[in-house]
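Notes follow once the structure below has been shown.
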Amino acid sequence: PKEFAKKTNILYKFTVYTPQEQMKQIILEKPEARLDTLRHIFGIDKYKRVKENTDIFTVRLREQSREYEGRIKDLDDVKEKRKEKQHNLEKLEDSLVELREELKKRQKNMEMEKEKVEDIEKKIKEKEKYEREAEKTSIMLLAKKETLINLKNELSKLTRELEQARAVKFNSEEFKQKQSLLKDKEKLVEEKNGIFLELMSRIRALSSASLNSKNLQEQISRIDLCPTCLQQVNEVYKKIIVSKLEEDISKYKKETLSLEKEKAEASEEIEKIKEEISRLNKEIGELNFLRKKTEELTTKENKLEELEKQKISAERDADILERQILTLKQSASVLKKFEIVYEKEKAELERLVEEVREKELDLASREKEKELTLVMIEEISIEIKKKENIKIRLIKITELEDWFSSSFLSIISSTERTIMLKLREDFSKLFNEWFNILVPEIFTVKLDEDFTPVIEQQDYQLDYSFLSGGERTAVALAYRLALNQVINSLLSRIKTKDLVILDEPTDGFSEAQLDKIRDVLNQLKVRQLILVSHEPKLESFVENIIKFRKEGGITRIES
């Protein structure tokens with residue numbers, strides 16, 4: 001195979017080409033190292049790898065076992081803990097039953113006491129209602145009494161007013177005359193006001209005409225050219241016009257003085273008439289007041305009668321209210337005793353309510369504790385289940401580890417020993433045969449359990465190091481040929497049985513041993529045999545010879 005066709009590969013070295021000194025080295029190796037090499041050559045090292053891998057695997061299994069053992073070491077404690085929690089749960093459930101019964105009992109007592117207190121509260125509210133009604137009725141009585149006082153005062157006042165009204169004498173004819181005279185005076189004032197206004201208008205007109213004349217007079221005095229014809233104005237003409245305007249101004253002044261005198265007289269007359277109108281209004285007002293007093297007399301008499309009726313009704317209502325107050329106060333007095341009982345019963349109710357509240361809190365606490373206990377039991381059960389599963393896995397792993405450690409390794413070791421024993425027997429037999437060819441009737445050789453050559457002479461075992469050089473070479477060559485033969489018979493994939501390369505196979509051989517080499521080479525029956533040697537005698541054993549020489553450190557083929 002290509003993967004083995006390398007000079008450094010062990011299979012290549014021991015099936016194709018192995019320097020003789022290295023063949024000797026394998027014989028001199030420590031038994032374990034030699035066994036490792038032969039295991040690899042024979043392909044039996046897989047059993048060692050299997051055992052090594054088994055050791056690794058069993059170590060891991062033991063580690064896993066230790067981990068699982070650590071994880072389940074408290075399994076019994078956890079189960080005991082769950083048992084304890086379940087016992088506590090049973091006790092809790094028993095106490096919860098007792099608590100619920102006790103709570104029902106206390107709730108019943110509380111409800112009975114509550115009904116009792118509510119009945120007393122109703123009585124107290126009823127008493128308070130009577131008291132409120134009595135208070136409201138008292139207010140109503142005070143209002144009635146105040147109304148009676150007001151009615152009496154009003155009656156007294158109205159009686160006096162009636163007496164005064166009956167004493168008043170009203171003259172309707174005089175009232176009419178004065179009203180007619182007032183109208184005449186008011187009409188006269190209007191006429192006089194009209195005259196006064198006309199005088200004022202005439203005075204304003206004269207004043208305006210006088211002012212215009214004065215302005216014109218001043219303009220003419222200052223004019224030199226006529227604004228119409230643009231000719232020089234004569235001074236004489238200007239004087240005539242100014243004189244004419246002066247006469248008009250004087251005339252306006254006289255008329256204004258006359259009108260001012262008439263205006264003053266008219267104003268004086270108007271004032272006198274207004275004074276008379278004021279006096280008449282006052283007199284008419286007094287007469288009108290008397291007229292109203294006379295007209296109100298009937299109304300007041302009717303009102304007096306009505307007030308008398310109201311007074312009688314108010315006195316009757318006040319009497320009823322007084323009797324009602326008395327009745328309400330008596331009813332309230334009868335219910336007053338419940339106020340004394342109320343505080344006591346209320347205190348008892350509060351005590352019972354507090355007891356119920358404490359029991360409810362205790363019950364809630366126990367139920368919460370039960371809930372937490374159930375959760376803890378569930379968590380512990382899950383933990384136990386996990387640990388039980390781990391325990392099952394631990395048992396399987398332990399069984400598997402035991403099987404690998406004992407049965408499996410025993411089978412592998414037994415298989416390896418059987419194969420190695422068979423190989424050793426074949427190897428030892430071939431080794432002895434090849435050795436006997438090379439060194440006849442002197443030594444016997446075989447292989448021990450470590451594939452170490454055992455050399456005996458007349459029942460005495462000899463050490464390899466005490467042999468001569470040729471004997472050691474013979475041992476190594478016989479070992480090499482036996483090994484090659486066993487490998488080629490065992491490993492069918494190694495197709496090198498027709499090729500053998502021997503490097504200095506006769507180092508230290510005697511003449512007799514050299515003669516034996518021909519027999520060895522003939523018995524090999526290989527299609528191609530390559531010998532590397534400095535021994536000239538071997539040239540007669542081979543078909544082709546290739547010679548080499550060194551020149552200047554370079555190896556060359558001789559022609």
With sequence neighbours excluded, residues passing side-chain hydrogen bond (donor to acceptor under 3.5 Å, both in side chains) with E102: R106
Can you list everything that forms a side chain to side chain contact (heavy atoms under 4.5 Å, CB included) with D55? Sequence neighbours excluded, please. T58, L409
Calculate, to the nearest 0.5 Å, the distance between atoms CD1 and CG belonging to I412 and N53 respectively. 11.0 Å
So, Q523 versus W434: side-chain donor-acceptor pair below 3.5 Å or not? no
Applying ring pair (Phe, Tyr, Trp, His ring centres under 6.0 Å), can you list everything that pairs with F404, at least two apart in sequence or on another chain? F57, F408
Would you call E133 and K136 a salt bridge, using N to O less than 4.0 angstrom? yes
Using atom types as modelled, flag every donor-acceptor pair under 3.5 Å from a side chain in residues 364-375 to any protein atom, sequence neighbours excluded.
residue, atom, partner, partner atom, Å
R366, NH1, S95, OG, 3.1
E367, OE2, R100, NH2, 3.3
T373, OG1, E369, O, 2.6

Give a yes or no on whether a salt bridge exists between K344 and E348, defined as a side-chain N under 4.0 angstrom from a carboxylate O. no
Taking 4.0 angstrom as the limit, do D507 and R472 come out as a salt bridge? no
Of all residues at least two apart in sequence or in a different chain, which pass the ring pair (Phe, Tyr, Trp, His ring centres under 6.0 Å) check with F427? F451, Y479
Pair Q64-Y68, side-chain donor/acceptor within less than 3.5 Å: yes
Scan for salt bridge (Lys or Arg N to Asp or Glu O under 4.0 Å) pairs involving residues 397-419, sequence neighbours excluded, and state none if there are none. R39-E416, K51-E416, R62-E401
Could you go step by step and tell me if R351 and E355 meet the side chain to side chain contact (heavy atoms under 4.5 Å, CB included) rule? CA-CA 6 Å; R351 186 185 67 80; E355 285 182 356; 2.5 Å; yes
Any donor-acceptor pair under 3.5 Å linking the side-chain atoms of E471 with those of S468? yes
